[in-house]
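Counting starts at 1 for both ligands and their atoms, in listed order. Small disclaimer: the values here were computed from a predicted structure and weren't measured.
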Amino acid sequence: MLDRTTIARVLYAVSTDDATHARLILEGSDHASDALVVRLCDILRRDLPPTELARQLGDACADAGLDKDIVNECYRAAFYLGERWPELADNPLFAYFLANRSGGGVLHKWPHYFPVYHRHLERYRGRPVRVLEIGVYRGGGLTMWQKYFGPDAVIVGADIDDAAVRATKGRFVVELGDQADPAFLRGLHETYGPFDVVIDDGGHTMQQQIVTAETLFPLLKDDGLLIVEDTHTSYWPSFGGGLGEPGAFLTWARDRVDDLHSQHHQSLDRSSVWARELGGVHFYDSVVVFDRERRFRAFDEVAGGASYILADQFSERIAVESSAERERVREELAAVRDQNLRLAAQLGAVEAGGGVDTVMAEQAGLEDDLRRARSEQADLRARLESAARLDAEQSAVLAGFHERLARSEKRLAASEEHRRLVEGSVSWRVTKPLRAVRSRLRRG
Ligand SMILES: C[S@@+](CC[C@H](N)C(=O)[O-])C[C@H]1O[C@@H](n2cnc3c(N)ncnc32)[C@H](O)[C@@H]1O
C-alpha cells in the first residue's frame with residue numbers, strides 16, 4: 001500500500017507542475033503494479049492543471065479506501081493549487097487561522113467552515129454578545145472567537161477534560177462538565193447566559209449533539225443561533241451514526257425541517273419550541289446552523305396585480321385622507337370646545353353682576369363670539385359627517401359639544417332676560433337723563 005511519504009513527494013511534483021516526475025516517483029515505487037498506482041499514473045498522464053490532478057488523485061485514493069490523512073492531503077493540495085483560496089482571503093476567521101502559526105492555541109478546523117461561520121456570525125461582531133463554545137481542547141477556538149467578536153463579547157468555554165482549563169490559563173472561563181448532561185448545560189445558561197451564540201465542537205457523538213441542541217436551543221436569546229460542527233459523524237458508527245441511522249444527529253436535524261413547516265400539515269405539531277421558534281435551519285457539509293426567532297404564523301397575500309394599481313390604491317388613498325381629515329376635525333373641535341368653555345365662563349361672570357354698561361358690552365361681544373362658534377360648529381359638523389368612517393369617539397365628542405352649546409345658549413338667554421330686567425329697573429329709569437347726556441357728549 002502506498003505510504004504518506006510517497007504521496008507527499010508525488011503531490012510536491014504535481015504542485016511544481018511536473019506531472020511526469022510525479023508519475024516516475026510512482027512507477028519507481030515498490031507498489032508500481034498495484035491497481036491504485038496504475039490508476040494514479042493514468043491520471044498523471046492527463047493534460048490537466050495541477051489543481052485538477054491533485055483532486056483526481058485524492059478521489060482515486062478515497063475510492064481505494066486509503067488512509068484519510070492521505071486523501072486529506074491530496075484535497076488540501078487541490079484547494080491551494082486552485083483558484084478558490086483567494087475567496088477566503090477576505091474572511092477574517094480564515095485570515096486569523098492562517099496567521100496563527102503558533103501561540104494562539106492549537107486550532108484544528110476544516111477551512112470550508114469559515115465562510116459558514118462568517119455568513120451567520122458577522123452580525124454579532126463588535127457587540128456585547130455572549131458566546132459559548134462547547135469543546136475547548138487547548139483554547140485555540142476561544143482565542144479566535146474573542147478576536148472575531150471583539151473585546152465586548154463574553155466568551156465562555158465548556159469541556160469534559162480539565163486539560164482544557166489548564167491550557168487556557170485563566171484567560172477564559174472554562175467550565176468542566178459533560179455536554180450530554182442537560183443539568184450541566186442549564187447551569188451554564190443560568191450562570192453565563194442567555195447566550196447569543198452556542199458553538200458545539202465537543203465530543204460529536206449523536207447523543208451529545210442532540211441533547212445539547214434540545215437543551216440549549218430553547219434557552220438562546222431571541223435572534224440567537226446554535227452551530228453544530230462536524231456533523232459528518234452522523235455517518236460514522238463509531239460516533240453512533242451510520243447512513244440512514246434513525247438515531248443520528250442529522251436524522252434528528254432533518255426532522256426540524258418538518259417543524260419549520262408545521263403549519264402546512266395537519267398532523268405536524270405546531271406547539272413545540274422548534275415549531276414556534278426555529279427561524280431557519282441551514283445544512284452545510286458537516287455543519288448545521290439553527291436560527292432562533294420568535295415566528296409569527298405564516299400567511300400569504302397578493303400584491304402587484306391590477307387591483308392594487310387601481311381600486312386598492314384609490315381606497316387606500318381615501319382611507320388615508322379620511323383619517324387625516326378626522327384628525328384635523330378633532331383638533332378644531334377641541335379648539336371650539338375650549339372657546340365655548342371660555343364663553344360660558346364669561347357669561348357666568350356677566351350673570352353674576354357688574355355694571356349695566358359692562359353687561360351690555362360684554363353681552364354684545366359674547367353674542368358675536370357665540371354666533372361665530374355656532375357657524376364654525378355647523379361647518380365642522382358638516383365636515384365631520386362627510387368624513388368616512390366617523391368613529392364612536394368622534395360622535396361622542398360632537399354630541400358633548402352640542403350639549404355644551406345648548407347650555408351656553410340657555411345661559412345667554414338667561415343673561416338677555418337679566419339685561420331686560422335691569423333696563424326695566426327703577427335705577428335704570430332714574431339714570432336715563434344722565435345716560436342721554438353722556439351719550440350726547442360721546443357723539444359730540
Ligand atoms: C475538537 S476538540 C475542540 C476544539 C476547539 N473547539 C478548537 O476550535 O480548538 C473537542 C473537545 O471536546 C471535548 N469533549 C469531548 N467530549 C465532551 C463532552 N461530552 N462534553 C464536553 N466536552 C467534550 C474534548 O475534551 C475536546 O477538548
Side-chain angles (χ1 to χ4, degrees), residues 68-69 72 91-118 120-121 130-149 153-169 171-189 191-193 195 197-217 219 225-234 236 238-241 247-249 252 284-289:
K68 270 199 289 193
D69 289 344
N72 196 66
N91 184 304
L93 288 162
F94 186 63
Y96 175 90
F97 176 77
L98 280 194
N100 176 32
R101 287 301 175 209
S102 68
V106 180
L107 255 178
H108 187 185
K109 291 283 176 197
W110 295 74
H112 75 273
Y113 291 4
F114 292 118
V116 176
Y117 292 144
H118 194 44
H120 292 277
L121 298 176
R130 296 183 165 269
V131 179
L132 170 66
E133 184 181 54
I134 297 173
V136 169
Y137 191 53
R138 300 297 172 260
L142 295 179
T143 314
M144 178 182 79
W145 294 125
Q146 186 77 70
K147 179 92 184 144
Y148 180 72
F149 288 113
V154 176
I155 314 287
V156 176
D159 205 293
I160 202 163
D161 182 357
D162 63 2
V165 181
R166 289 196 301 277
T168 49
K169 299 188 182 94
R171 287 179 298 121
F172 295 96
V173 171
V174 176
E175 291 287 345
L176 274 181
D178 182 354
Q179 69 173 124
D181 173 8
F184 170 63
L185 298 176
R186 277 195 289 273
L188 292 174
H189 161 78
T191 313
Y192 306 104
F195 294 106
V197 175
V198 172
I199 300 159
D200 177 0
D201 188 20
H204 307 305
T205 69
M206 304 303 100
Q207 193 208 7
Q208 289 162 351
Q209 289 174 335
I210 294 172
V211 169
T212 300
E214 288 196 323
T215 309
L216 289 183
F217 178 82
L219 300 176
L225 60 81
L226 165 71
I227 300 182
V228 186
E229 289 187 8
D230 293 354
T231 53
H232 45 245
T233 56
S234 276
W236 297 352
S238 53
F239 285 74
F249 172 76
W252 175 89
Y284 299 94
D285 172 1
S286 307
V287 180
V288 182
V289 181

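For the 3.5 Å distance criterion, the side chains of Gln209 and Trp252 fail to qualify, holding no donor opposite an acceptor.
Remark: side-chain polar atoms of Ser286 are not paired, donor with acceptor, to backbone N or O of Asp230 under 3.5 angstrom.
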Item to check | Full working for ring pair (Phe, Tyr, Trp, His ring centres under 6.0 Å) between Tyr148 and Tyr96 | outcome: CA-CA 9 Å; Tyr148 180 72; Tyr96 175 90; 9.6 Å; no
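Using cut-offs of 30° and 60° for the angle between ring planes, the Tyr284 and His120 rings count as perpendicular. The aromatic rings of Trp110 and His112 sit perpendicular, their planes meeting at an angle over 60°, well past the 30° parallel limit. Phe239 and His204 have tilted rings, their planes meeting at an angle from 30° to 60° on a 0 to 90° scale.
Protein residues are said to neighbour a ligand when one of their heavy atoms lies under 4.0 Å from it; for ligand 1 these are Val106, Leu107, Lys109, Glu133, Gly135, Val136, Tyr137, Gly141, Asp159, Ile160, Asp161, Gly177, Asp178, Gln179, Asp201, Gly202, Gly203, Gln208.
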